[in-house]
Amino acid sequence: ASPDTSGGLGNLGAPDGDMEGFVPQKEILYNGLLPYADRLDREATELLSEIKTNLCRAVLLRELWPGVAFWSRKLFSFLKLYGRRFSKDDHILFIKLLYELVTLPNLEPNMMQCYARLLIQLLKKKELLSRDDLQLPWRPLYDLYERVIYSKTEHLGLIWFPNSVDHILKALIKSCRLYFPATSTQEMLDEWRPLLCVFDVVMQKAISNMELFLPTIMPPEEHSQGFQLWFHELMNLWMAVQNQPSWEGHLVNLFARLANDNIGYVDWTPYIPTIFTRILRSLNLPVGVSQIVAPRYLTNSYDIGYLVLWITALLGGAGNPAQKELSCLFNSIASFYHPSNHGRWQSRLMRLLQRLPVSVVRRMHRERHAASSWITVVPESHRLSDADLQEFTRSLTGAALLAMFSKTGSTDAAYAFQNLALLTPELVIPPVLEKTYAAMETLTEPHTLTATLSCMIGMARSLVSPNNHYPEGRAHVLPLLMGSLPGIDPNDFSKCMDSSLFLSLLLKKQTSKVFFAYIMSLLQIEKDLCFASAGFEDFVLQFLDRYR
């Protein structure tokens, strides 16, 4: 270990004395429900003291195997059993120690992976430690990445790395880059700027390193030392290149991460039309008579997960053209969601439709309901308003209604409707209800019934919730229950399962509360619901007849 780390090992290995005033970083709440919860505190304290003492001793004796490896696994087990039940000081010392161990030169790959997994677990909850509490140097991690990923001896058979080492190292860098010092961005640019040549294959290495290492979560006062050093340079480079090179996907991933981490602090307005044009091009949709797509355009497509993050971060703010461009994008590709259209491009379109509402729901939770932390919040001027959510829902509803009856199934559309119903149920539920009622009255189209029921299953919670913008939804519960009874057909297993699942969801506790509350304290619509509950007797009798 380095002198700084070993200097703190004395505190790390010190036995815990007085526990008064001890504040754990984050415990597992469910442990308090166990029948032996009163003994867990003492057991956890004794185990943690034993781990700290023996891990300290093994490091000081330079006994990497089996000492450090054994007690590292013990610490990993401690995290699974008790959570992060240690102080902030212990948390920081554990991270610094594991970071020094991971970056040791000539460390065996298996041991490096073991330490890396434990370090990723310690860094997982980023809200627990701020940049003021912890800073990690980027250079040792970069040297390790160079030795492993670009090894000059592996292809000669002189060293062997596990297949998962690439994934583990990238996950470790993603966890650590949050705590790189403010000066690290300039140091990285000095390292990789000489490699930025569009006519050389080394450009791929430079852009991939920038995507992986450049930190994007910083307080506003450090932005001048962070993304402002490279944003305009790389964005102008991306705008200038039109032939979809292999490194363009890494650049898009970096921009998406930057936009998601700094909503309201980056001006994307001049680039929004080009961004959505490139997104449309990356979908590789067939246009024209020949409908031939070059193979290189299939391999250089943007990652849908990062595209969704980028689009979501662009929304919001007065006068922002992003929502208009998003509506134009889905209007232009809506016909490709029609059930009669099918091709290799359809899976990307369905993933886009499924993941985009999920990302907007996460952003809305982040802006309105997330607990406060040291990470910079979204400014009030750029937060999503109710009008923004309604416009977003309108832009996706048409494509989702067509995707319900896709040849690949209705699962993706059901996920999209589920999250859209959480945002604006008053706009999403009525058109799906209309199609569901029509499908229930038709016995010759079982695929239509299963597709609509799958979407209604996802929206069941929003349909019966009394605390949303669509209180009329609860009035549809009894008609839907009666209409879904013919779907219980043992000769059609898929339709029977969807109908049974739909019935079970509607008959949950939240629905019963609506029908059996005290009628004197209810509004008129709720009184009508209670009177309508008299039809439950007929439903129960018909339901039992179906299962005879």
*Asks:* Do the side chains of Arg73 and Cys114 get nearer than 4.5 Å, heavy atoms only?
*Replies:*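 Yes, their side chains come closer than 4.5 Å.
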*Asks:* So, do Phe94 and Leu55 sit near enough that their side-chain heavy atoms are less than 4.5 Å apart?
*Replies:*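 Contact flag for Phe94/Leu55 side chains = yes.
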*Asks:* Do the non-hydrogen side-chain atoms of Leu79 and Leu118 ever get within less than 4.5 Å of each other?
*Replies:*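 Of all side-chain heavy-atom pairs linking Leu118 with Leu79, at least one is under 4.5 Å.
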*Asks:* Give me the atom names and distance for the closest heavy-atom approach of Leu172 to Ala116.
*Replies:*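 Here Leu172 and Ala116 meet closest at CD2-CB, 4.0 Å.
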*Asks:* Under 4.0 Å between a Lys/Arg side-chain N and an Asp/Glu carboxylate O for Arg85 and Glu27?
*Replies:*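 Yes, charged N to carboxylate O under 4.0 Å.
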*Asks:* Would you confirm whether Trp345, through its side chain, and Pro286, through its main-chain N or O, come within 3.5 Å as a donor-acceptor pair?
*Replies:*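 No, because the side chain of Trp345 does not come within donor-acceptor range (under 3.5 Å) of the backbone of Pro286.
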*Asks:* Nearest 0.5 angstrom please: Leu101 CG to Leu107 CG, how far?
*Replies:*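 Atom-to-atom, Leu101:CG and Leu107:CG are 8.0 Å apart.
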*Asks:* Show the numbers, then the answer: is there a side chain to side chain donor-acceptor pair (under 3.5 Å) between Ser164 and Gln113?
*Replies:* CA-CA 9 Å; Ser164 59; Gln113 277 193 304; 2.8 Å; yes
*Asks:* Please tabulate, one pair per line, all N/O donor-acceptor pairs under 3.5 Å involving side-chain atoms of residues 199-208, not counting sequence neighbours.
*Replies:*
| from | atom 1 | to | atom 2 | distance (Å) |
| --- | --- | --- | --- | --- |
| Asp200 | OD1 | Val202 | N | 3.2 |
| Gln204 | OE1 | Ser246 | OG | 3.0 |
| Gln204 | OE1 | Trp247 | N | 3.2 |
| Gln204 | NE2 | His250 | NE2 | 3.0 |
| Lys205 | NZ | Glu146 | OE1 | 3.3 |
| Lys205 | NZ | Glu146 | OE2 | 3.4 |
| Ser208 | OG | Gln204 | O | 3.0 |
| Ser208 | OG | Lys205 | O | 2.9 |

*Asks:* Give the intermediate values and the outcome of side chain to side chain contact (heavy atoms under 4.5 Å, CB included) for residues Val360 and Asn419.
*Replies:* CA-CA 9 Å; Val360 174; Asn419 291 281; over 6 Å; no
*Asks:* Got a donor-acceptor contact below 3.5 angstrom from the Ser410 side chain to the Ser406 backbone?
*Replies:*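 Not at all, since once roles are kept as given, no pair shorter than 3.5 Å links the two residues.
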*Asks:* Would Tyr302 and Glu248 count as a side chain to side chain donor-acceptor pair (under 3.5 Å) here? Give the steps.
*Replies:* CA-CA 8 Å; Tyr302 302 154; Glu248 186 180 6; 2.5 Å; yes
*Asks:* Using a strict cut-off of less than 4.0 Å between a Lys/Arg side-chain nitrogen and an Asp/Glu carboxylate oxygen, indicate whether Glu367 and Arg363 qualify as a salt bridge.
*Replies:*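 The answer is yes: the pair qualifies as a salt bridge.
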*Asks:* Once you round to the nearest 0.5 Å, how far does CD1 of Ile272 lie from OG1 of Thr269?
*Replies:*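 It is 5.0 Å, given to the nearest 0.5 Å.
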*Asks:* Suppose we call two aromatic rings close when their centres sit under 6.0 Å apart. Are Tyr306 and Phe255 close by that rule?
*Replies:*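 No; Phe255 has its ring centre 6.0 Å or more from that of Tyr306.
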*Asks:* Using 4.0 Å as the upper bound for N to carboxylate O, is an ion pair formed by Glu391 and Lys324?
*Replies:*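 No, Lys324 and Glu391 are not salt-bridged.
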*Asks:* State whether the number of non-hydrogen atoms from other residues, nucleotides or ligands found under 6.0 Å of His369 atom NE2 is greater than 12.
*Replies:*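 Correct, the count exceeds 12.
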*Asks:* When you compare the side chain of Leu134 with that of Leu123, does any pair of heavy atoms fall below 4.5 Å?
*Replies:*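 With C-beta onward as the side chain, the pair touches.
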*Asks:* Rounded to the nearest 0.5 Å, what separates atom CG in Leu329 from atom CG in Leu356?
*Replies:*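 That separation rounds to 9.0 Å.
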*Asks:* A side-chain contact here means heavy atoms from C-beta on lying under 4.5 Å apart; do Lys126 and Ser373 qualify?
*Replies:*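 No, their side chains stay 4.5 Å or more apart.
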*Asks:* Are Phe392 and Ile311 close enough, and set up right, to give a side chain to side chain contact (heavy atoms under 4.5 Å, CB included), and what steps lead you there?
*Replies:* CA-CA 11 Å; Phe392 171 78; Ile311 294 173; 5.9 Å; no
*Asks:* Going by distance alone, is a donor N or O of one side chain under 3.5 Å from an acceptor N or O of the other, for Gln346 and Thr408?
*Replies:*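 The answer is no; no qualifying pair exists.
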*Asks:* Nearest 0.5 Å please: distance from the OG atom of Ser395 over to the CD atom of Gln323.
*Replies:*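 Spacing of OG (Ser395) from CD (Gln323) equals 4.5 Å.
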*Asks:* I need the minimum non-hydrogen distance between Ser72 and Tyr115, along with the two atoms involved.
*Replies:*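 That closest heavy-atom pairing would be OG-CE2, 3.6 Å.
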*Asks:* Within this structure, what is the CH2-CD distance for the pair Trp374 and Glu127, rounded to the nearest 0.5 Å?
*Replies:*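 Atom-to-atom, Trp374:CH2 and Glu127:CD are 10.0 Å apart.
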*Asks:* Considering only heavy atoms from C-beta outward, does the side chain of Leu129 approach that of Ile95 to under 4.5 Å?
*Replies:*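 Result yes, sub-4.5 Å side-chain heavy-atom pair found.
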*Asks:* Classify the ring geometry of Tyr82 against Phe78: parallel below 30°, tilted from 30° to 60°, perpendicular beyond 60°.
*Replies:*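 Tilted: the ring planes of Tyr82 and Phe78 meet at 30° to 60°.
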*Asks:* Identify whether the distance between the nearest side-chain nitrogen and carboxylate oxygen of Arg257 and Glu211 falls below 4.0 Å.
*Replies:*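 Salt bridge: no.
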*Asks:* Is the backbone N or O of His232 less than 3.5 Å from a side-chain atom of Asn236, with the two atoms forming a donor-acceptor pair by type?
*Replies:*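 Answer holds: yes.
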*Asks:* Whether the side chain of Gln242 engages the backbone of Met239 through a donor-acceptor N/O pair (distance < 3.5 Å, no angle test) should be reported.
*Replies:*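 A pair under 3.5 Å: yes.
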*Asks:* Any donor-acceptor pair under 3.5 Å linking the side chain of Arg278 with the backbone of Pro273?
*Replies:*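 No, Arg278 side chain to Pro273 backbone: no donor-acceptor pair under 3.5 Å.
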*Asks:* Could you give me the CA-CA distance, side-chain angles and deciding distance for Lys170 and Ile149, then say whether side chain to side chain contact (heavy atoms under 4.5 Å, CB included) is met?
*Replies:* CA-CA 10 Å; Lys170 289 183 178 180; Ile149 304 302; 5.8 Å; no
*Asks:* For the aromatic rings, using the six-membered ring if either is Trp, is the centroid distance between Phe213 and Tyr145 under 6.0 Å?
*Replies:*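 Here the rings of Tyr145 and Phe213 have centres that are less than 6.0 Å from each other.
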*Asks:* Sub-3.5 Å donor-acceptor pair from the side chain of Trp71 to the main-chain atoms of Cys56, do we have one?
*Replies:*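 Looks like no, no N/O pair under 3.5 Å.
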*Asks:* Any side-chain to backbone donor/acceptor pair from Asn331 onto Ser327? Under 3.5 Å, distance only.
*Replies:*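 Indeed, once roles are kept as given, a pair shorter than 3.5 Å links the two residues.
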*Asks:* Ignoring hydrogens and geometry, is there a side-chain-to-backbone donor-acceptor pair from Ser359 to Arg355 under 3.5 Å?
*Replies:*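 No; judged by distance alone, with no hydrogens or angles, the pair does not exist.
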*Asks:* Step by step, work out the side chain to side chain contact (heavy atoms under 4.5 Å, CB included) result for Asn320 and Leu315.
*Replies:* CA-CA 7 Å; Asn320 191 348; Leu315 302 177; 5.7 Å; no
*Asks:* Minimum heavy-atom separation for Leu353 and Ala400, please, with both atom names.
*Replies:*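 So the minimum-distance heavy-atom pair works out to CD2-CA, 3.9 Å.
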*Asks:* So does Glu108 have more than 12 non-hydrogen atoms from other groups sitting under 6.0 Å from CD?
*Replies:*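 Not more than 12 within 6.0 Å, no.
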*Asks:* Report yes or no: does Arg131 contribute a side-chain atom to a donor-acceptor pair with the main-chain N or O of Phe180 at less than 3.5 Å?
*Replies:*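 Such a contact is found between Arg131 side chain and Phe180 backbone.
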*Asks:* Have Ser130 and Asp132 got a donor and an acceptor in their side chains that come within less than 3.5 Å?
*Replies:*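 No - no donor-acceptor pair under 3.5 Å links their side chains.
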*Asks:* Would you say Gln121 and Leu75 make side-chain contact, with heavy atoms under 4.5 Å?
*Replies:*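 Heavy-atom side-chain distance check fails, nothing below 4.5 Å.
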*Asks:* Restricting to non-hydrogen atoms, name the atom on Ala403 and the atom on Met350 that form the minimum distance, rounded to 0.1 Å.
*Replies:*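 Smallest heavy-atom distance, with atoms named: CB-CE, 3.8 Å.
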*Asks:* Would you indicate whether Tyr150, at its atom OH, is surrounded by more than 12 heavy atoms from other residues, nucleotides or ligands within a distance under 6.0 Å?
*Replies:*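 Enclosed: over 12 neighbouring heavy atoms sit under 6.0 Å from OH of Tyr150.
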*Asks:* So that I can tick it off, tell me whether Arg139 and Glu191 are bridged by a salt bridge, with the cut-off set at under 4.0 angstrom between side-chain N and carboxylate O.
*Replies:*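 Yes, Glu191 and Arg139 are salt-bridged.
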*Asks:* Nearest 0.5 angstrom please: Met112 CE to Arg147 CZ, how far?
*Replies:*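 Reported to 0.5 Å precision, the distance equals 8.5 Å.
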*Asks:* For Tyr142 and Trp192, I'd like to know if the aromatic rings sit close, meaning centre-to-centre distance below 6.0 Å.
*Replies:*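 Yes.
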*Asks:* Check whether any side-chain heavy atom of Pro245 lies under 4.5 Å from a side-chain heavy atom of Val198, and answer yes or no.
*Replies:*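 No, their side chains stay 4.5 Å or more apart.
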*Asks:* Can a donor-acceptor pair be found, under 3.5 Å and without considering hydrogens, that links the side chain of Asn262 to the backbone of Ile217?
*Replies:*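 Such a contact is absent between Asn262 side chain and Ile217 backbone.
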*Asks:* Do the charged groups of Arg351 and Asp412 touch, with an N to O distance under 4.0 Å?
*Replies:*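 Not counted as a salt bridge, because no side-chain N and carboxylate O are separated by less than 4.0 Å.
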*Asks:* Between His223 and Gln228, is there a side-chain donor-acceptor contact under 3.5 Å, judged purely by atom types and distance?
*Replies:*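 There is no such pair between these side chains.
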*Asks:* Which heavy-atom pair separates Asp133 from Ile92 by the least distance, and what is that distance?
*Replies:*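 What the structure gives for the nearest pair is O-CD1, 3.5 Å.
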*Asks:* Can you tell me if CZ on Arg366 sees more than 12 non-hydrogen neighbours from other groups inside 6.0 Å?
*Replies:*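 Buried by this count: over 12 neighbours within 6.0 Å.
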*Asks:* Which atom names give the shortest non-hydrogen contact between Ala421 and Val428, and what distance separates them?
*Replies:*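 Of all heavy-atom pairs spanning Ala421 and Val428, the closest is N-CG2, 4.3 Å.
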